[in-house]
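The structure appears right after this line, and notes come after that.
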Amino acid sequence: MEERKIKVGITHGDINGVGYEVILKAFSDPVMFDLCTPVVYGSPKVAAYHRKAMELTTNFSIVPSAAEAQDGRLNIVNCVDEELKVELSKPTLEGGKAALAALEKALAEYREGAVDVLVTAPINKHTIQSDTFHFPGHTEYIEQRVGEGQKALMILLKGDFRVALVTGHIPVSAISQTLTKELIQEKLAIFHRSLKQDFGIDSPRIAVFSLNPHAGDGGLIGREEQEIIIPALKEISAKGILCFGPYPADGFMGSGNYTHFDGILAMYHDQGLAPFKALAMDEGVNYTAGLPIVRTSPAHGTAYDIAGKGIASEDSFRQAVYVAIDVCRQRRTEREISARPLRKQYYEKRDDSDKLKLDSVEE
């Protein structure tokens, strides 16, 4: 039996940024429809506005819900007021409300099983704030709404290059007091599980960054390595997680050592994301690990400076769709394997018969 195509829910993000441009460009390639059935939560009117403004030719169908989505087409579920005004390159409260409406509708249909995965176009973190959205970003909001009590981990990735963060959207002044041995171990455990479950790596190797320059120089430039990071790594290594470090971030990235590991755990946002985006910005993907939902997004933001000019690259968004599909398939495979495990087989010690013993009694 042919497997049903994965339904990819896509939120339109900030309507004044490059969200619709990268969505329409990515699905101008008919090959994309061989991989999935895309459902955009947004506005057909706004999509048509962007399409005309940039002289794009991508066609789409208007559907009442993802349940009615058509294969081989870009589908759009209207989530906003018909009178929504587009002001390219400008952050507006109206744009923030439209971004939140699309996100809420997408998560509601995900909970109903109407879509399999979620890809989010960039939002403006200021204009989206409201009585129901008081989070520093997508990750925290999605964790609260559909996380089922599980903790999220932000991973930026391109191919085998994966960077995760211990602390995310917090002020730099709060990083040191936020770091604890327990938090580092929690993030390492989520990262390790995701590398196995979502990316199919049997024994993942994780490099861990130091917080201070030169890994603290034995305590001369800070005590966090000696008092928090190293003890955390020793304890969790004893539980079978292959983690190494702490490594000074500058030399580790500059020397290319990152290529020898399946993942890198950075202590804070810019420590991990600055080198990642320098090396992999064009095709980088933001993946939210640790949650039941498979959610990705492009690594770039709203890009107001080039919105409406038709020059935004869709590569990162396309890769976000690919990663969501790949992780969904990997999780399905993992569930199938776990549901029907092989019976344990072994040779009993001091068994002279040399016959294979089974852990179940033959009838």
Side-chain angles (χ1 to χ4, degrees), residues 139-140 143 147-157 160-170 172 174-219 221-253 255 257-273 275-276 286-292 294-295 327 330-331 334 337-338:
T139 302
E140 297 82 359
E143 177 187 271
E148 299 178 10
Q150 299 183 42
K151 296 293 185 180
L153 175 70
M154 181 190 297
I155 301 176
L156 273 290
L157 64 96
D160 295 332
F161 182 24
R162 307 175 188 89
V163 178
L165 307 176
V166 176
T167 63
H169 299 118
I170 65 171
V172 172
I175 294 170
S176 181
Q177 57 262 42
T178 302
L179 282 181
T180 64
K181 186 174 67 174
E182 292 74 22
L183 180 62
I184 293 170
Q185 291 177 341
E186 175 186 281
K187 299 299 183 180
L188 275 169
I190 297 171
F191 201 5
H192 177 262
R193 186 171 67 250
S194 179
L195 290 170
K196 290 171 67 80
Q197 170 189 280
D198 300 334
F199 300 99
I201 302 170
D202 288 333
S203 300
R205 292 165 48 87
I206 301 171
V208 180
F209 281 170
S210 62
L211 175 65
N212 297 297
H214 307 296
D217 257 348
I221 317 176
R223 299 289 305 170
E224 287 85 358
E225 285 74 22
Q226 302 295 319
E227 297 174 359
I228 300 173
I229 301 175
I230 292 173
L233 301 190
K234 285 182 177 179
E235 285 186 13
I236 204 162
S237 293
K239 297 178 181 179
I241 291 180
L242 301 177
C243 56
F244 307 87
Y247 297 103
D250 58 347
F252 185 86
M253 299 302 294
S255 65
N257 280 343
Y258 66 91
T259 61
H260 303 306
F261 293 87
D262 301 299
I264 300 162
L265 185 67
M267 290 296 114
Y268 59 94
H269 188 279
D270 285 10
Q271 184 189 53
L273 269 57
F276 176 85
N286 181 352
Y287 172 56
T288 303
L291 302 182
V294 174
R295 176 257 170 170
V327 172
Q330 174 62 31
R331 285 191 179 185
E334 186 75 17
I337 292 172
S338 300

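For the numbers below, each heavy atom of this structure counts, side chains included, while hydrogens, waters and symmetry mates do not.
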Mind checking the [atom1]-[atom2] spacing from [X] to [Y]? Nearest 0.5 Å is all I need.
| X | Y | atom1 | atom2 | answer |
| --- | --- | --- | --- | --- |
| I264 | L157 | CD1 | CG | 11.5 Å |
| S210 | D250 | OG | CG | 8.0 Å |
| I221 | N212 | CD1 | CG | 7.5 Å |
| I206 | D262 | CD1 | CG | 8.0 Å |
| K187 | M154 | NZ | CE | 9.5 Å |
| M267 | I184 | CE | CD1 | 4.5 Å |

Ignoring hydrogens and geometry, is there a side-chain-to-backbone donor-acceptor pair from [X] to [Y] under 3.5 Å?
| X | Y | answer |
| --- | --- | --- |
| Q185 | A232 | yes |
| K181 | I228 | no |
| R193 | A289 | no |

Could you tell me if the side chain of [Y] sits less than 4.5 Å from the side chain of [X], heavy atoms only?
| X | Y | answer |
| --- | --- | --- |
| D198 | I155 | no |
| S194 | L153 | no |
| V208 | V166 | no |
| L233 | L188 | yes |
| I175 | V172 | yes |
| Q330 | Q197 | no |
| I230 | P246 | yes |
| E225 | L211 | yes |

Output yes when E186 and K151 qualify as a salt bridge under the 4.0 Å nitrogen-oxygen rule, no when they do not.
no
In this structure, are over 12 heavy atoms from other groups packed under 6.0 Å from H214 atom NE2?
no
Got more than 12 heavy atoms from elsewhere within 6.0 Å of CG, N257?
yes
Could you tell me which non-hydrogen atom of [X] sits nearest to which non-hydrogen atom of [Y], and how far apart they are?
| X | Y | value |
| --- | --- | --- |
| A152 | T139 | CB-CG2, 3.8 Å |
| P292 | R331 | O-NH1, 2.8 Å |
| G218 | Q226 | CA-NE2, 3.8 Å |
| T167 | I170 | CB-CD1, 3.7 Å |
| L195 | P204 | CD1-CB, 3.5 Å |

Partner of F252 by ring pair (Phe, Tyr, Trp, His ring centres under 6.0 Å), out of F261, Y258, F244
F261
Would you please test E334 and K196 for side chain to side chain contact (heavy atoms under 4.5 Å, CB included) and show each step?
CA-CA 9 Å; E334 186 75 17; K196 290 171 67 80; over 6 Å; no
Can you list every ring pair (Phe, Tyr, Trp, His ring centres under 6.0 Å) pair that touches residues 179-202, not counting sequence neighbours?
F199-Y287
